[in-house]
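The first residue in the sequence is number 1, and the count goes up from there. Note that the structure is a prediction, hence the values are computed from the model and not measured.
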Amino acid sequence: MFQYYFLLGIRSLRRNPALTALMVLTLAVGVAASISTLTILHVMSGDPIPQKSNLLFMPLMDNGPLKGYTPGEQPNDHQMSYRDVMNLLPAKIGERRTALYGILMAIEPARKDLPALESEGVATTRDFFPMFDTPFLYGQGWAENDDAKGADVVVLGQKLAEKLYGKTNPVGQYLTMIGHQFQIVGVLSNWEPSPRFYRFVGRNAAFGVQEDFFIPLASAVRHEITHAGGMGCTGDSAPGWQGRLDSECTWLHFWFELKSESQRQELQNYLDNYAAEQRKLGRHMRQAKNKLFNVMEWMEEAKVVGNDNKLSAWLAFGFLLLCLVNTVGLLLAKFSVRASEVGVRRALGASRKEIFNQFLIESSVIGIAGGVIGLILAFGALALIALQSKQLTVAAHMDWKMLAITFIMSVTAAILAGLFPTWRACQVTPAIQLKSQ
């Protein structure tokens with residue numbers, strides 16, 4: 001019987017095609033808006049490195065000035081001073097440690113057909129690459145002694161490498177950056193966490209932006225390369241760039257990688273002991289509690305998915321609700337003109353339950369049609385957003401779960417919208433309809 005009613009539902013789509021098209025389009029737009037917003041929210045709030053997100057930890061040590069500080073006040077900066085970074089990098093705690101900050105460098109391409117350009121990159125240490133499982137297209141990260149001596153070496157992102165050298169392997173060549181020759185030791189491939197990766201490691205990049213290059217932290221210090229967004233100090237700074245680093249300039253991000261999650265308390269104790277030792281040495285530090293955040297905790301703390309993004313999801317569902325209300329009105333109009341048909345069927349012995357099932361299945365057919373078109377519209381919207389953010393990976397996050405949610409939402413929405421019109425159709429009195437006909 002279900003198959004029979006389902007086929008009737010498909011045939012009913014051809015009745016009053018203008019009204020049917022309006023209903024399907026109304027549902028499709030509502031579903032597309034909801035799914036697009038839900039997908040973007042899923043991409044931004046998902047675990048960017050699930051294989052080790054519980055092993056990576058960012059410490060929070062309040063390096064703010066004592067002046068105006070109230071005990072218990074939350075730190076207003078999630079970064080770490082250069083002094084603390086240099087003390088913690090050689091520490092024998094955890095599996096690996098890395099520090100990083102964003103930089104901006106002028107690049108002079110070797111090709112004469114390319115003009116000089118400025119690119120954003122990251123100054124970091126060699127442990128950054130294995131810590132965050134960065135895949136290499138060519139070469140590898142720099143050696144340990146390159147970190148120690150601040151060698152002029154660079155790892156390029158795939159996009160910049162292809163812009164400068166095409167599809168060839170540039171490893172071993174030299175690239176002029178800020179007037180100095182940097183040897184290319186590796187090229188990163190476009191890797192999966194990129195749409196949200198730099199938000200959780202501490203970069204303030206826009207959604208979907210990848211960095212163009214990576215150089216050793218010590219090299220950036222030696223060349224006095226300042227933060228891409230400017231550098232702010234919270235303590236007294238001596239003249240010169242190095243003097244500012246030796247002060248409490250809180251602009252570096254720091255990450256630990258542990259062998260197991262059970263070492264978290266050990267790392268917490270280490271940070272507490274380190275802060276206590278710094279105070280004994282006469283360093284003026286706030287008495288704020290030191291904190292540790294794993295990847296997902298850090299994303300919540302840094303509000304990677306802000307309240308405005310969550311609000312947009314609710315607005316999208318509100319728009320879907322508005323589409324449902326419109327669909328209810330359209331279904332009422334569609335079913336009301338079939339009152340005579342219902343009267344004849346009732347007179348021939350059809351029960352109200354059978355009429356109800358028939359019309360509800362017809363509503364489901366409309367929902368399926370709206371779901372298919374809504375899915376197509378959602379892919380189109382995501383592709384447009386991806387092009388705007390210069391990334392083509394956003395639409396790829398429409399996985400099978402998202403596909404299932406699309407159809408479930410569409411069919412459920414159509415069924416909900418069809419409940420009242422279907423109930424109204426069942427209340428038709430056969431005698432009145434037969435008399436009027």
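For the atom pair CD1 (I103) and CD1 (I225), the distance works out to 5.0 Å, reported to the nearest 0.5 Å. With rounding to the nearest 0.5 Å, the separation of CG in D212 from CG in L104 is 10.0 Å. Note: E261 CD to N294 CG = 7.0 Å, rounded to the nearest 0.5 Å. Here L252 contributes atom CG and M86 contributes atom CE; the two are 7.0 Å apart, rounded to the nearest 0.5 Å. In this structure, the separation between CG on L271 and CD1 on I93 is 8.0 Å, given to the nearest 0.5 Å. Taking CZ of R264 as the start and CG of L258 as the end, the distance is 9.5 Å to the nearest 0.5 Å.
For the pair T168 (side chain) and Y165 (backbone), a donor-acceptor distance under 3.5 Å is present. In this structure, the side chain of Q263 engages the main chain of K259 through a donor-acceptor pair within 3.5 Å. In this structure, the side chain of R126 engages the main chain of W142 through a donor-acceptor pair within 3.5 Å. A donor-acceptor contact shorter than 3.5 Å is absent between the side chain of T176 and the backbone of Q181. Of the possible polar contacts, none joining the D84 side chain to the M80 backbone as a donor-acceptor pair under 3.5 Å is found. Proximity of a side-chain donor or acceptor of T134 to a complementary backbone N or O of F129 within less than 3.5 Å is detected. Panel note: side chain T26, backbone L22; a donor-acceptor pair is recorded below 3.5 Å.
The two atoms that bring A28 and I373 nearest to each other are CB-CG2, 3.7 Å, heavy atoms only. The two residues P216 and A151 come nearest to each other via the heavy atoms CG-O, 3.6 Å. In terms of heavy-atom proximity, L292 sits nearest to E297 at O-OE1, 3.8 Å. Between A220 and A123, the shortest heavy-atom distance links the atoms CB-CB, 3.6 Å. Taking every heavy atom of both residues into account, A218 and G150 meet most closely at CB-CA, 3.6 Å.
Looking only at side-chain heavy atoms (C-beta outward), L164 and L114 come within less than 4.5 Å of each other. Q278 is listed as a side-chain neighbour of N87, based on a closest heavy-atom distance under 4.5 Å. Within the 4.5 Å cutoff, the side chain of L156 has heavy atoms near those of the L175 side chain. At least one side-chain heavy atom of M105 sits under 4.5 Å from a side-chain heavy atom of I215. Counting heavy atoms from C-beta outward, V187 and P170 have side chains that approach closer than 4.5 Å. Within the 4.5 Å cutoff, the side chain of L117 has heavy atoms near those of the K163 side chain. Residues E118 and I107 are not in side-chain contact: their nearest non-hydrogen atoms beyond the backbone lie 4.5 Å or more apart. Between D133 and Q51 the shortest side-chain heavy-atom distance falls below 4.5 Å.
Evaluated for a side-chain contact (heavy atoms from CB on, under 4.5 Å) with L100, the options T124, V85, L217 yield exactly one hit, T124.
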Would you please test L188 and F136 for side chain to side chain contact (heavy atoms under 4.5 Å, CB included) and show each step? CA-CA 4 Å; L188 289 183; F136 279 84; 3.7 Å; yes
Step by step, work out the side chain to side chain contact (heavy atoms under 4.5 Å, CB included) result for V185 and V154. CA-CA 6 Å; V185 295; V154 61; over 6 Å; no
Walk me through it: do V365 and E362 pass the test side chain to side chain contact (heavy atoms under 4.5 Å, CB included)? CA-CA 5 Å; V365 171; E362 288 187 18; 5.6 Å; no
For the pair E277 and N273, evaluate side-chain hydrogen bond (donor to acceptor under 3.5 Å, both in side chains) and give the outcome as yes or no after the intermediate values. CA-CA 6 Å; E277 178 185 286; N273 293 334; over 6 Å; no
Verify ring pair (Phe, Tyr, Trp, His ring centres under 6.0 Å) between F256 and F254, making sure each step is shown before the conclusion. CA-CA 7 Å; F256 288 96; F254 198 92; 5.0 Å; yes
Between T20 and L330, is the side chain to side chain contact (heavy atoms under 4.5 Å, CB included) condition met? List the steps. CA-CA 8 Å; T20 300; L330 293 171; over 6 Å; no
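Residues K92 and E266 are not paired through a salt bridge, judged by the lack of any N-O separation under 4.0 Å between the basic side chain and the carboxylate. The pair E257-K52 meets the salt-bridge criterion, since a charged nitrogen lies less than 4.0 angstrom from a carboxylate oxygen. By the 4.0 Å N-to-carboxylate-O rule, R222 lies close enough to D152 to be salt-bridged with it.
Applying the ring pair (Phe, Tyr, Trp, His ring centres under 6.0 Å) rule to F182 yields the partners H223; only residues at least two apart in sequence or on another chain are considered. Under the side chain to side chain donor-acceptor pair (under 3.5 Å) criterion, N269 pairs with Q265, not counting sequence neighbours.
For residues 139-151, the set of pairs meeting the salt bridge (charged side-chain N to carboxylate O under 4.0 Å, His left out) definition, not counting sequence neighbours, is empty.
Remark: aromatic rings of F128 and F214 are close, center separation under 6.0 Å.
Within 6.0 Å of the CD atom in Q173, the count of heavy atoms belonging to other residues, nucleotides or ligands exceeds 12.
Taking the six-membered ring where tryptophan is involved, the planes of W255 and W298 are perpendicular, since the angle between them exceeds 60° and thus also 30°.
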